[in-house]
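Naming convention: chains lettered A, B, ... in sequence-line order (proteins, then strands); numbering from 1 in each chain.
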Amino acid sequence: MEKDYAQIRAEAKSAETKAMRKDAIKFLTISIVVVILVLTAWQLAVSLGLVSTRFFDSPIGVVKTIIDKFTNRKPDGGLLLQHIWASAKVVWLGFLLAAVIGIPLGLFMGWFRLCDRIIRPLFEMVRPIPSLAWIPIVLLFLGIGVKARAVIIFTGCFVATVLNTYTGIRSTNQTLINVAKTCGAGNFKIFWKVGIPSAMPMIFAGLKTSMGSAWGTIVAAEMLASSNGLGYMIQMGRSFGKVSLIMAGIIVIGILGFISSGLVSLVEDFVLKWRPKK
Amino acid sequence: MKMKKNPLLEDRSVLYKAAYYVGPYLLIAAFLLLWNSVASTGKTMLPTPYAALRRLVTIWMGDVAKHPMIYHVWISMRRVLSALVFSVVVGVPFGIAMGWNKTFRAIFKPLFEVIRPVPPIAWVPLFTLWFGTGEFSRVAIITMGVFMPIVINSYSGVIMVPEINFQVGKVFGARSTDMLFDVVLPSSLNAIFAGIRTALGGGWMVLLASEMLGAREGIGFLIMQGSSANDLTLAIVGMVMIGVFGALFAYGFDYLERWLCPWKRK
């Protein structure tokens with residue numbers, strides 16, 4: 001009946017994994033139960049009239065509004081898909097513009113000291129200005145069309161992208177650089193083959209951040225100066241006193257933001273195939 | 001007089017050194033010149049840099065929208081500060097609890113993950129519907145924008161404490177409370193401060209948005225006022241003010257962090 005050392009270790013390990021799995025299931029059930037409880041409480045509160053429908057709408061009501069909005073033009077004169085397209089179009093345009101300009105700029109600023117030194121003061125001056133503050137100027141030069149809104153999104157995404165890219169390439173592992181130097185690579189080659197790939201994770205983190213802030217900016221910009229888009233739809237919900245529209249808009253924005261981040265993650269996984277899975 | 005040699009400039013050509021010293025100022029000057037030339041064509045409403053500066057000086061103590069500029073700045077700062085203080089006082093313990101206690105996390109994390117992707121500004125119509133257009137709903141909206149990053153970062157800070165710190169704590173015989181205060185908190189302070197810094201940046205944005213959407217004082221309101229009255233100088237002055245004060249806040253906070261975390265000084 002003597003178990004040898006390896007056997008005892010194996011049994012302990014399997015017991016530990018089983019315990020961890022039981023724990024995981026326990027916590028997952030708690031989470032699910034809580035979510036269901038909250039939704040039920042919310043639904044009941046509205047159905048039983050505990051909260052005035054002026055201030056609240058039930059989950060079912062919100063889902064109904066979303067489905068209805070696919071085909072109903074009232075009260076703001078547009079379909080849900082139109083709003084989604086208007087907002088998403090501008091978000092992606094501004095986001096991509098910021099990526100195309102910001103990533104190279106961040107890379108160059110991070111690698112070449114002279115670049116950093118020359119551009120840095122101007123960048124630091126522009127950096128603290130929130131993107132919404134650019135609205136009057138953009139309004140002046142570009143009106144209220146798609147281009148104008150894309151530029152506003154651009155100002156919001158640009159700073160985050162550049163900063164993350166800069167940090168990413170600055171934190172390149174010195175050992176890797178040394179190896180490249182030993183192989184006889186010149187400065188630019190090291191930049192291209194070592195610096196840029198190793199900065200990729202941070203770059204994508206920055207892209208995800210800027211995607212989040214892009215959605216925030218577009219909602220605000222649309223509330224202020226637009227005639228379509230999700231922010232406008234929410235604002236119209238407020239003007240007409242339709243809480244369901246407001247809540248529906250909020251939820252749709254949340255879902256879209258989530259999907260957009262997911263898309264960026266997908267691209268990241270594709271580009272960074274060489275990364276070991278954590 | 002002996003000048004310290006800049007190690008970055010060894011073995012560089014004269015051209016490089018010239019660009020190094022003069023370059024940044026040249027770029028800023030070029031920017032200002034561009035601004036000036038566009039403004040001077042008179043075809044747009046853009047004010048020249050000098051005009052904007054002059055306007056700033058006149059309204060600083062003077063009157064604009066019934067109050068001196070400094071009052072508007074103060075109002076805006078007060079809003080951000082109140083939201084920030086509330087979020088830190090409530091959010092940091094909340095985030096730490098979420099990271100420390102698995103049951104707490106199971107209960108509250110799903111709710112967070114649902115609310116997180118919603119941009120804070122989307123809450124404006126809802127809050128104005130619920131709480132009216134007064135000061136409370138404005139600060140509440142800013143709080144929504146500031147609370148999230150603080151909680152999430154505090155939570156990450158606790159989660160990312162290296163296992164070895166816990167093991168050392170156990171070796172020294174730490175009980176649960178000791179573990180929390182002496183091991184978890186100092187390690188997570190870094191992430192907590194990063195969260196507050198992020199929240200600061202975002203907070204100014206939300207402040208601006210909520211002021212632009214319906215306030216009668218504050219910098220955001222001034223920007224909107226200037227824009228709608230075709231008084232672009234005022235709008236630009238407001239923009240610059242926000243930029244300057246945002247930067248001041250960020251620097252101030254950096255100093256605060258370095259003071260509170262002496263082990264971070266390099």
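Of all heavy-atom pairs spanning Ser31(A) and Ala106(B), the tightest one is OG-O, 2.8 Å. Contact record, Ile121(B) with Gly216(A): CD1-O, 3.5 Å, taken as the closest heavy-atom pair. Heavy-atom minimum distance, Ile129(A) versus Gly243(B): CG1-CA, 4.0 Å. For Pro136(A) against Ile223(B), the heavy-atom pair with the smallest separation is CG-CG2, 3.5 Å.
Under the side-chain hydrogen bond (donor to acceptor under 3.5 Å, both in side chains) criterion, Trp215(A) pairs with Ser260(A), not counting sequence neighbours. A search for side-chain hydrogen bond (donor to acceptor under 3.5 Å, both in side chains) contacts involving Trp111(A) returns Asn187(A), not counting sequence neighbours.
When the candidates Pro110(B), Pro119(B), Gly238(B) are compared by the number of heavy-atom contacts under 4.5 Å with chain A, Pro119(B) comes out ahead. Per-residue counts of heavy-atom pairs under 4.5 Å with chain A were compared for Ala19(B), Gly246(B), Gly202(B); the largest is that of Ala19(B). With respect to chain A, the highest number of heavy-atom pairs below 4.5 Å among Pro120(B), Pro125(B), Gly23(B) belongs to Pro125(B). Highest contact tally toward chain B, considering only Leu28(A), Leu122(A), Ile118(A), Ile30(A), is held by Ile118(A) [criterion: heavy-atom pairs under 4.5 Å]. Heavy-atom pairs under 4.5 Å with chain B peak, among Val34(A), Leu230(A), Asp23(A), Ile218(A), at Val34(A). Taking Val38(A), Ile250(A), Ile253(A) one by one and counting their heavy-atom pairs under 4.5 Å with chain B, the maximum is reached by Ile250(A).
When side chains are defined from C-beta on, Val126(A) does not count as touching Phe31(B), because their heavy atoms never get closer than 4.5 Å. Inter-residue side-chain proximity for Pro121(A) and Leu27(B) is flagged as unmet; no heavy-atom pair is nearer than 4.5 Å. Residues Arg117(A) and Pro24(B) form a side-chain contact, since some pair of their non-hydrogen atoms from C-beta on lies under 4.5 Å apart.
Contacts of Leu132(A) with chain B are made by both backbone and side-chain atoms, with heavy-atom separations under 4.5 Å. No part of Leu207(B) comes within reach of chain A, as not one of its non-hydrogen atoms sits under 4.5 angstrom from that chain. With a threshold of 4.5 angstrom between heavy atoms, Ala209(B) approaches chain A through its backbone and through its side chain. When heavy atoms are compared at a cutoff of 4.5 Å, Ser210(B) does not approach chain A at all. For Ile137(A), the part lying near chain B is the side chain, with the backbone staying farther off; criterion is any non-hydrogen pair under 4.5 Å.
Residue-environment remark: OH (Tyr251(B)) stays at or below the threshold of 12 foreign heavy atoms within 6.0 Å.
Atom CD1 of Ile246(A) and atom CH2 of Trp123(B) lie 11.0 Å apart (nearest 0.5 Å).
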Given the rule in the side-chain contact (heavy atoms from CB on, under 4.5 Å) test, do Phe258(A) and Glu113(B) qualify, once you have shown the distances and angles that lead to the verdict? CA-CA 10 Å; Phe258(A) 185 73; Glu113(B) 291 298 324; 6.0 Å; no
